[in-house]
K.L.:
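Following this message is one structure expressed as structure tokens.
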Protein chains: 2
Amino acid sequence: MSASATRGQIVSVADRLFYEQGYEATSFADIAAEAGLSRGNFYYHFKAKDAILEAVIAARMADTRTMLESWEDGASDPLERIRSFAHIVIRNQAKIMAHGCPVGTLCNELAKLEHGAKGDAAGVFVLFRDWLAEQFAALGRERDAEALALHVLMRSQGIATLATALGDEDFVRREVRAIDQWLEDQLPAVTRPLQE
Amino acid sequence: MSASATRGQIVSVADRLFYEQGYEATSFADIAAEAGLSRGNFYYHFKAKDAILEAVIAARMADTRTMLESWEDGASDPLERIRSFAHIVIRNQAKIMAHGCPVGTLCNELAKLEHGAKGDAAGVFVLFRDWLAEQFAALGRERDAEALALHVLMRSQGIATLATALGDEDFVRREVRAIDQWLEDQLPAVTRPLQE
DNA sequence: GTCTATAATCCGATAGAC
DNA sequence: GTCTATCGGATTATAGAC
């Protein structure tokens with residue numbers, strides 16, 4: 001296999017295992033076994049575990065950009081686009097209940113490890129935040145677009161964490177509906193600030 | 001030192017290190033060093049790492065019950081009691097930005113490890129949920145008390161996760177204010193105190 | 001590019017002296 | 001109850017054959 005193909009295979013497997021098992025709990029042997037190559041061959045492609053993590057984060061950034069573009073292509077209405085985001089927790093419910101949100105759980109783990117890549121991992125949140133803020137701005141909420149974006153992100157993270165801990169499907173559906181309701185309440189030309 | 005005192009010392013140190021570094025990343029050597037005893041002596045008090053985890057979770061359950069009682073003693077108004085909970089993320093802001101919410105991050109880690117104690121760890125969430133539901137019931141929201149309780153829990157978890165990832169203090173303050181505002185919007189008009 | 005073999009380290013856990 | 005010494009296994013990482 002070519003070097004780039006093998007490298008891509010490693011990143012793909014590592015991406016999934018880091019999500020399912022966590023970064024530290026995933027060993028080189030785990031990745032090598034599922035990627036179908038020996039441990040020794042690993043160091044030809046990645047000299048250290050940190051390097052794989054950076055490649056996985058870069059891949060997630062690229063995947064996220066692709067997903068955001070597909071939501072833009074799928075709906076011209078900014079409100080519908082924001083709903084596309086809010087409904088991830090339902091579409092990926094089974095995975096989230098088993099392993100949480102890939103972004104939130106990785107940031108939490110890297111924070112505890114005091115790993116320098118925490119900021120890189122949080123970059124996926126920044127991608128979502130800025131994209132959501134664009135949609136809110138398009139809805140006429142330019143002034144507090146970023147605050148509204150972070151509010152939606154916050155709720156999706158809270159839902160994911162409690163879904164993992166408690167495994168309550170009704171709770172997930174109910175809270176996603178509450179986001180939909182909240183979104184519509186933001187719609188009217190009335191400029192209602194989030195705070196105060 | 002007596003056995004129970006040493007055991008308590010181990011649990012206290014393990015509690016803090018599990019929070020700061022994570023469960024798996026904390027070794028027996030780490031705990032032993034900070035508790036001031038040898039690795040070998042460990043197994044007199046805890047025969048396995050799982051046993052320490054269970055003791056830590058039991059200690060957190062007890063601490064949480066104590067905290068809930070102190071909030072009950074500190075305020076007779078259920079709304080004020082709920083605010084006591086919502087404001088944890090501000091009181092513990094520095095720790096949360098560094099290591100996340102102790103309950104949420106532990107549940108996430110145990111979920112990825114497929115560790116049987118995940119349900120026990122989630123028991124702290126259940127304590128908070130039931131206590132919050134009691135307060136909402138006392139405010140006249142008996143019918144949806146549990147859903148309201150989970151909503152508050154969800155928001156505090158979302159705030160904690162984003163605070164850890166992004167380190168934005170303004171975001172934390174703004175979202176706690178938004179919870180306060182939401183709380184007042186939940187009050188049935190009849191139970192609202194007369195202004196004078 | 002891929003492999004085997006192995007070094008060096010750390011882990012959880014045990015045995016036994018005191 | 002506390003200690004030292006140590007086992008067996010897993011881990012990251014390297015060296016070198018092919």
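Residue numbers start from 1 in every chain, and the chains themselves are labelled A, B, ... in the order their sequence lines are given, proteins ahead of strands.
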K.L.:
Got a list of side-chain donor-acceptor pairs under 3.5 Å for residues 32-42 of chain B, not counting sequence neighbours?
P.N.:
from	atom 1	to	atom 2	distance (Å)
E34(B)	OE1	R16(B)	NH2	2.4
S38(B)	OG	N41(B)	N	3.2

K.L.:
Provide, to the nearest angstrom, the distance between the CD1 atom belonging to I31(B) and the P atom belonging to dA13(C).
P.N.:
11 Å

K.L.:
Which whole-number value in Å describes the distance from F28(A) CZ to dA8(C) C1'?
P.N.:
15 Å

K.L.:
So, is T6(A) near the phosphate of dT2(C), with a side-chain N or O under 4.0 Å from OP1 or OP2?
P.N.:
yes

K.L.:
Taking atom P of dT12(D) as reference, at what distance in whole Å does atom CG of L113(A) sit?
P.N.:
13 Å

K.L.:
With a cut-off of less than 4.0 Å, is there a side-chain N or O of S27(B) near OP1 or OP2 of dC11(C)?
P.N.:
yes

K.L.:
Quick one: are V126(A) and L166(B) in side-chain contact, heavy atoms under 4.5 Å?
P.N.:
yes

K.L.:
Tell me if the centroids of the rings in Y43(A) and F28(A) come within less than 6.0 Å of each other.
P.N.:
yes

K.L.:
Using rotation axes that map the C1' atoms of four end pairs onto the next four (five pairs an end), what angle separates the end axes of the helix from dG1(C)-dC18(D) to dC18(C)-dG1(D), to 10°?
P.N.:
10°

K.L.:
I'd like to know if R173(A) and D170(A) make a salt bridge, using a cut-off of under 4.0 Å between side-chain N and carboxylate O.
P.N.:
yes

K.L.:
How many Å lie between CD on E24(B) and P on dC10(C), as a whole number?
P.N.:
17 Å

K.L.:
Would you say a side-chain N or O of S2(B) is under 4.0 Å from OP1 or OP2 of dG1(D)?
P.N.:
no

K.L.:
What integer distance in Å separates H115(B):NE2 from dG12(C):P?
P.N.:
12 Å

K.L.:
What nucleic acid atoms does S4(A) come within less than 4.0 Å of, heavy atoms only: base, sugar-phosphate, or nothing?
P.N.:
nothing

K.L.:
Show the nearest heavy-atom pair for residues Y23(B) and L110(B), with the distance to one decimal.
P.N.:
CD2-CD2, 4.2 Å

K.L.:
Listed in order of residue number, which residues of residues 39-52 of chain A have a non-hydrogen atom at under 4.0 Å from DNA chain C?
P.N.:
G40(A), N41(A), Y44(A), H45(A)

K.L.:
Taking everything shown except R143(B) itself, do over 12 heavy atoms lie less than 6.0 Å from its CZ?
P.N.:
no

K.L.:
Scan for side-chain hydrogen bond (donor to acceptor under 3.5 Å, both in side chains) pairs involving residues 71-81 of chain B, sequence neighbours excluded, and state none if there are none.
P.N.:
E72(B)-W131(B), E80(B)-R83(B), R81(B)-Q135(B)

K.L.:
Anything under 3.5 Å between a donor and an acceptor, one on a side chain of residues 149-156 of chain B, the other on a protein residue two or more places apart or in another chain? List them.
P.N.:
from	atom 1	to	atom 2	distance (Å)
H151(B)	ND1	E175(A)	OE1	3.0
H151(B)	ND1	E175(A)	OE2	3.1
H151(B)	NE2	R155(B)	NH1	3.1
S156(B)	OG	L153(B)	O	2.8

K.L.:
Could you tell me which residues satisfy side chain to side chain donor-acceptor pair (under 3.5 Å) with Q21(B), sequence neighbours excluded, listed by chain and number?
P.N.:
T26(B)

